[in-house]
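Everything on this sheet refers to the single structure shown next.
Quick note: numbers below take in every heavy atom, side chains included, and nothing from hydrogens, waters or symmetry partners.
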Amino acid sequence: MILQPSHLKTLCEAAIDAARKAGAYINSQSRYTQTVQHKGGTHNLAAQVFTEVDLASEKIILDCLKPSLKDFDLALLSEETKDDGSRFEKDYFWCIDPLDGSLPFIEHSDGYSISIALISKAGIPHIGVIYNPVDNTLYHAIKGHGAFRNHTLWQLHPKNSMTLVCDRSFLNHPRYEEVVSKIKARSQGELKIISHGGAAMNAMWVLEGHPAVYFKFPKAEEGGGSLWDYGASACIFHEIKAHVSDAHGQPLALNNPLTTFMHQGGICYASTPEIQAITQLLIK
């Protein structure tokens with residue numbers, strides 16, 4: 001089934017409704033101390049931790065989106081639900097992170113969000129919805145129709161300083177000082193460093209902090225975030241004409257049959273092609 005523009009609009013509205021409802025629930029729980037549980041499969045603490053709020057948020061989102069699975073013959077991939085492989089059979093699949101940034105949520109700080117994408121079997125994002133319940137900011141995009149911030153067509157406005165957005169684990173990376181030094185040398189003025197968000201808000205902070213970059217080096221071990229961490233933000237970046245790719249400049253593998261993790265290629269989000277080119281040199 002090939003989705004028409006009217007179908008995509010309907011599905012985007014459903015994703016926005018789901019994200020807002022989940023966000024309202026998450027906000028109601030944000031002041032309480034959460035019981036933290038751990039997953040296996042990666043050494044990265046940010047990717048291991050989850051709470052009952054993650055699970056409840058997922059249920060809210062799925063309750064909103066489940067009718068669309070039948071109505072539009074869609075598959076489903078969600079972080080807290082086992083991957084059933086249907087994303088390789090259907091033409092499109094929902095790709096959902098019900099609470100991206102569990103660490104900042106547990107710490108009662110900004111940086112967590114709901115991330116919902118609709119991705120084709122070929123790995124092309126067609127819808128991206130990211131909702132930050134901390135400040136009630138909604139980001140969304142539909143392929144071919146532009147990117148929006150709080151339902152207003154979004155245009156980037158350059159700041160006076162350069163921003164490096166990174167995962168907190170990168171602060172202890174052997175190349176951290178080198179990277180910071182080289183970016184400072186190529187930027188004009190102050191370099192701002194943000195290191196406390198989940199992947200979805202990290203990407204949005206690149207756009208909010210333009211000129212800015214967020215990247216991860218490729219690595220051998222599993223990790224580096226998963227499909228649900230990057231599907232929605234990739235759509236928004238495409239539509240706002242910013243740069244998103246793996247660390248080698250290739251399109252993100254958003255329907256990899258071998259793994260949901262992104263460690264093999266790494267990621268690179270840059271607000272301009274020039275910043276992306278500088279980052280490519282650093283990664284090499």
Should Phe217 and Val179 be marked as a side chain to side chain contact (heavy atoms under 4.5 Å, CB included) after you check the CA-CA gap, both sets of side-chain angles, and the distance that decides it? CA-CA 11 Å; Phe217 289 113; Val179 168; 4.1 Å; yes

Under 3.5 Å, is there a donor-acceptor pair linking the side chains of Asp54 and Ser102? yes

Would Ile194 end up clustered with Leu171 when hydrophobic side chains under 4.5 Å apart are linked, directly or stepwise? no

Can we call the ring centroids of Tyr269 and Phe237 under 6.0 Å apart? yes

Can you tell me how far the CZ atom of Arg175 sits from the NZ atom of Lys182, to the nearest 0.5 Å? 6.0 Å

State whether the side chain of Ser57 and the backbone N or O of Val53 hold a donor-acceptor pair below 3.5 Å, judged by distance alone. no

Shortest non-hydrogen contact between Ser245 and Leu252, atoms and distance: O-CD2, 3.2 Å

Group every Ile, Leu, Val, Met, Phe, Trp and Tyr by side-chain heavy-atom contacts under 4.5 Å, then state whether Ile124 and Ile142 land in the same group. no

Test item: Asp97 side-chain N/O and Asp229 main-chain N/O as donor-acceptor pair under 3.5 Å: no

Side-chain heavy atoms nearer than 4.5 Å, only ILVMFWY residues, links allowed to pass through others: does that put Met162 and Val206 together? no

How close do Leu153 and Gly146 get, heavy atom to heavy atom, and via which atoms? CD1-CA, 4.3 Å

Is the shortest side-chain heavy-atom distance between Ile267 and Tyr214 below 4.5 Å? yes

Say whether, by atom type as modelled, one donor and one acceptor occur between the side chain of Lys159 and the main chain of Glu208 under 3.5 angstrom. yes

Does the side chain of Trp94 reach to within under 4.5 Å of the side chain of Leu69, using non-hydrogen atoms? yes

Taking Asp100 for the side chain and Ala200 for the main chain, is one N or O donor matched with an acceptor at less than 3.5 Å? yes

Neighbour count >12 (heavy atoms, 6.0 Å) for atom NZ, Lys21: no

CD1 of Ile116 to OG of Ser78, rounded to nearest 0.5 Å, is 8.5 Å

Phe170 vs Tyr176 aromatic rings, parallel, tilted or perpendicular, using cut-offs 30° and 60°? perpendicular

Check whether any side-chain N or O of Ser226 sits under 3.5 Å from a backbone N or O of Trp228 as a donor-acceptor pair, and report yes or no. no

So, does Gln280 use its side chain to make a donor-acceptor pair with the main chain of Ala247 at under 3.5 Å? yes

Would you call Thr163 and Lys192 a side-chain contact if the rule is heavy atoms closer than 4.5 Å? yes

Nearest 0.5 angstrom please: Ile2 CD1 to His7 NE2, how far? 11.0 Å

Correct closest heavy-atom pair for Arg168 and Ser195 would be CB-O, 3.3 Å

Mind checking whether His140 and Ile127 have side chains closer than 4.5 Å, heavy atoms only? no

Using side-chain heavy atoms (C-beta onward) and a distance below 4.5 Å, is Ile96 in contact with Leu62? yes

Restricting to non-hydrogen atoms, name the atom on Val213 and the atom on Ala270 that form the minimum distance, rounded to 0.1 Å. CG2-CB, 4.2 Å

With no hydrogens and no angle check, is any side-chain donor or acceptor of Tyr25 less than 3.5 Å from a backbone partner on Ile60? no

Do any N or O atoms from the side chain of Glu79 and from the backbone of Pro98 form a donor-acceptor pair under 3.5 angstrom? no

Yes or no on side chain to side chain contact (heavy atoms under 4.5 Å, CB included) for His157 and His210, after CA distance, side-chain angles and deciding distance? CA-CA 7 Å; His157 299 286; His210 165 61; 6.0 Å; no

Spatial distance of atom CG (Leu74) from atom CG (Leu65) [nearest 0.5 Å]: 9.0 Å

Verify the neighbour count for atom CG of Asn150: are there more than 12 heavy atoms of other residues, nucleotides or ligands below 6.0 Å? yes

With a 4.5 Å cut-off on side-chain heavy atoms, are Val244 and Tyr230 touching? no

So, Ser181 side chain and Glu177 main chain: donor-acceptor pair closer than 3.5 Å or not? no

If you apply the rule side chain to side chain contact (heavy atoms under 4.5 Å, CB included), what do you find for Met201 with Val134, and how did you get there? CA-CA 11 Å; Met201 283 311 302; Val134 176; over 6 Å; no

Distance in Å, Lys219 NZ paired with Gln264 CD, rounded so as to fall on 0.5 Å steps: 12.0 Å

With hydrophobic residues grouped by side-chain heavy-atom distances under 4.5 Å, do Phe88 and Tyr92 end up in a single group? no

As a quick check of understanding, evaluate side chain to side chain contact (heavy atoms under 4.5 Å, CB included) for Ile236 and Phe148, giving each step before the final call. CA-CA 8 Å; Ile236 293 168; Phe148 294 80; over 6 Å; no

Is there a continuous path of hydrophobic side-chain contacts, each under 4.5 Å between heavy atoms, that joins Leu76 to Ile114? yes

Could you check if a side-chain atom of Trp205 sits within less than 4.5 angstrom of a side-chain atom of His196, using non-hydrogen atoms only? yes

Determine which pairs satisfy side chain to side chain donor-acceptor pair (under 3.5 Å) with at least one residue from residues 117-135, sequence neighbours left out, and list them in order. Asp110-Asn132, Tyr131-Asn136, Asn132-Asp135, Asp135-Thr137

Rounded to the nearest 0.5 Å, the CZ atom of Arg20 sits from the CG atom of Asn27 at a distance of 11.5 Å

Side-chain H-bond candidate by donor/acceptor type, Glu58 with Thr81, under 3.5 Å: yes

Which heavy atom in Ser115 sits nearest to a heavy atom in Ile130, and how many Å separate them? OG-CG1, 4.1 Å

Going by the angle between their ring planes, with limits at 30° and 60°, are Tyr112 and Phe105 parallel, tilted or perpendicular? perpendicular

For residues Arg87 and Leu227, determine if any side-chain heavy atom of one lies less than 4.5 Å from a side-chain heavy atom of the other. yes

Taking all non-hydrogen atoms of both residues, which atom of Ile240 and which atom of Leu156 are closest, and how far apart? CD1-CD2, 3.5 Å

